[in-house]
**Student:** 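Here it is: the structure, laid out below.
We count ligands from 1, going down the list as the structure has it; atoms in each ligand are counted the same way.
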Amino acid sequence: MRRKIIAGNWKMHKTSSETGEFIGRLWDAMGRKEAHCEVIVAPPFTSIAAAVDATRGGAVKVSAQDVHWENQGAYTGEVSGAMVKDSGCSHVIVGHSERRQWFGETDESVNLKIKAALRHGLIPIFCLGESLEEREASKTFEVLERQVSRGLDGVQIASPDRLVIAYEPVWAIGTGRTASPEQAQEAHAFIRGGVGSLFGRELGGNVRILYGGSVKPENTRGLMSRGDIDGALVGGASLKIDDFMGIITESA
Ligand code: 13P
């Protein structure tokens with residue numbers, strides 16, 4: 001049984017004080033106990049310490065939004081896996097489409113970052129997904145196959161809980177246009193098959209694959225009812241307590 005994950009990717013939002021306050025309120029909304037699913041928030045680097053302070057013994061986990069692939073060195077502005085781990089994060093988002101689009105991330109850099117995350121005991125939340133152009137040209141599966149095989153090339157995964165995958169079709173991010181449950185399920189099943197052929201059916205069958213792209217409380221239940229959808233990576237709606245809590249509740 002794969003336990004669901006609801007993760008909030010805050011992108012470039014929330015200062016330290018806003019982070020502490022948000023997690024305090026989220027904890028209250030959760031009834032001050034663990035939810036049915038794993039709950040993760042991914043604040044900007046500068047708010048990680050405040051998030052870790054506020055996570056109340058781990059009922060809310062903290063993820064970074066990126067990591068560098070080297071252990072240390074002359075890389076101005078970058079943050080290493082050791083630093084992310086030391087800051088108290090359990091997870092790190094790798095390969096988000098905004099980083100691929102605006103910051104030159106490639107399948108190769110994503111692959112190095114996944115390896116760095118694992119090397120430092122972090123669980124990578126490996127993002128992939130096709131653009132609108134690729135979907136309209138019927139290239140979705142070709143793109144997903146390339147992203148999975150290159151992103152995970154040479155990666156060693158000790159157990160299925162050491163990796164999380166997030167299918168985020170680029171055309172659904174921040175657009176209000178969610179993939180239908182059928183579209184998402186089809187992509188998730190394909191990705192699971194790809195992971196299975198790389199690492200074996202046992203790992204493929206147990207790895208969690210999240211959907212991301214305009215997830216809201218109203219569309220959560222439909223998406224989560226599909227067999228291969230194991231949770232959500234939420235952008236905009238994770239910034240508001242009512243919406244984020246609504247998604248947690250609806251995913252049960
Ligand atoms: P939205 O939920 O705002 O569409 O963003 C999704 C996303 O990019 C999560 O990583």
**Student:** For the residue pair S80 and N71, confirm or rule out a side-chain donor-acceptor distance under 3.5 Å.
**Tutor:** no

**Student:** I'd like to know if the side chain of E18 and the backbone of T15 have a donor-acceptor N/O pair within less than 3.5 Å.
**Tutor:**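 Side chain of E18 to backbone of T15, a donor-acceptor pair under 3.5 Å: yes, one is there.
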
**Student:** Measuring from non-hydrogen atoms of K216 to any atom of ligand 1, is the shortest distance under 4.0 Å?
**Tutor:**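 Contact absent.
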
**Student:** Quick test: of every protein heavy atom, which one is nearest to atom 4 (O) of ligand 1, and how far off is it to 0.1 Å?
**Tutor:**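 The closest one turns out to be G174 N, 2.6 Å.
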
**Student:** Tell me the contacting part of A172 for ligand 1: side chain, backbone, both, or neither, using a 4.0 Å heavy-atom threshold, strictly below.
**Tutor:** backbone

**Student:** Any donor and acceptor pair, going by atom type alone, linking the side chain of S214 with main-chain N or O of T178 inside 3.5 Å?
**Tutor:**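 Not at all, since once roles are kept as given, no pair shorter than 3.5 Å links the two residues.
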
**Student:** Taking the side chain as every heavy atom from C-beta outward, state whether T55 and K61 have any pair of such atoms under 4.5 Å apart.
**Tutor:** no

**Student:** Using a strict 4.0 Å cut-off to heavy atoms of G213, name the atoms of ligand 1 that fall inside it.
**Tutor:**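 Those atoms are 4 (O), 6 (C).
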
**Student:** Would you say the side-chain atoms of Q65 and H96 include a donor-acceptor pair closer than 3.5 Å?
**Tutor:** no

**Student:** So which bit of N9 gets within less than 4.0 Å of ligand 1, heavy atoms only: side chain, backbone, both or neither?
**Tutor:** side chain

**Student:** Relative to the heavy atoms of S214, which atoms of ligand 1 are at a distance of less than 4.0 Å?
**Tutor:** 1 (P), 2 (O), 4 (O)

**Student:** Let me know which of E182, Q185, H188, E186 forms a side-chain hydrogen bond (donor to acceptor under 3.5 Å, both in side chains) with R226.
**Tutor:** E182

**Student:** For the residue pair F22 and F244, does the interplanar ring angle fall in the parallel (under 30°), tilted (30 to 60°) or perpendicular (over 60°) class?
**Tutor:** tilted

**Student:** Looking only at protein heavy atoms, which one is nearest to atom 9 (C) of ligand 1, and what is the separation?
**Tutor:** E168 OE2, 2.9 Å

**Student:** Give me the residue, atom name and distance of the protein heavy atom closest to atom 2 (O) of ligand 1.
**Tutor:** G235 N, 2.9 Å

**Student:** Give the numbers and elements of all ligand 1 atoms closer than 4.0 Å to a heavy atom of G236.
**Tutor:** 1 (P), 2 (O), 3 (O)

**Student:** Taking D228's backbone N and O only, do any of them form a donor-acceptor pair with R192's side chain (distance below 3.5 Å, no angle check)?
**Tutor:**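 A pair under 3.5 Å: yes.
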
**Student:** Could you name the option among Q65, H96, E98 that has the heavy atom nearest to atom 8 (O) of ligand 1?
**Tutor:**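 It is H96 that holds the nearest heavy atom.
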
**Student:** Taking 4.0 angstrom as the limit and counting only heavy atoms of L233, give me the atoms of ligand 1 inside it, by number and element.
**Tutor:**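 Near L233, the atoms of ligand 1 are 9 (C), 10 (O).
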
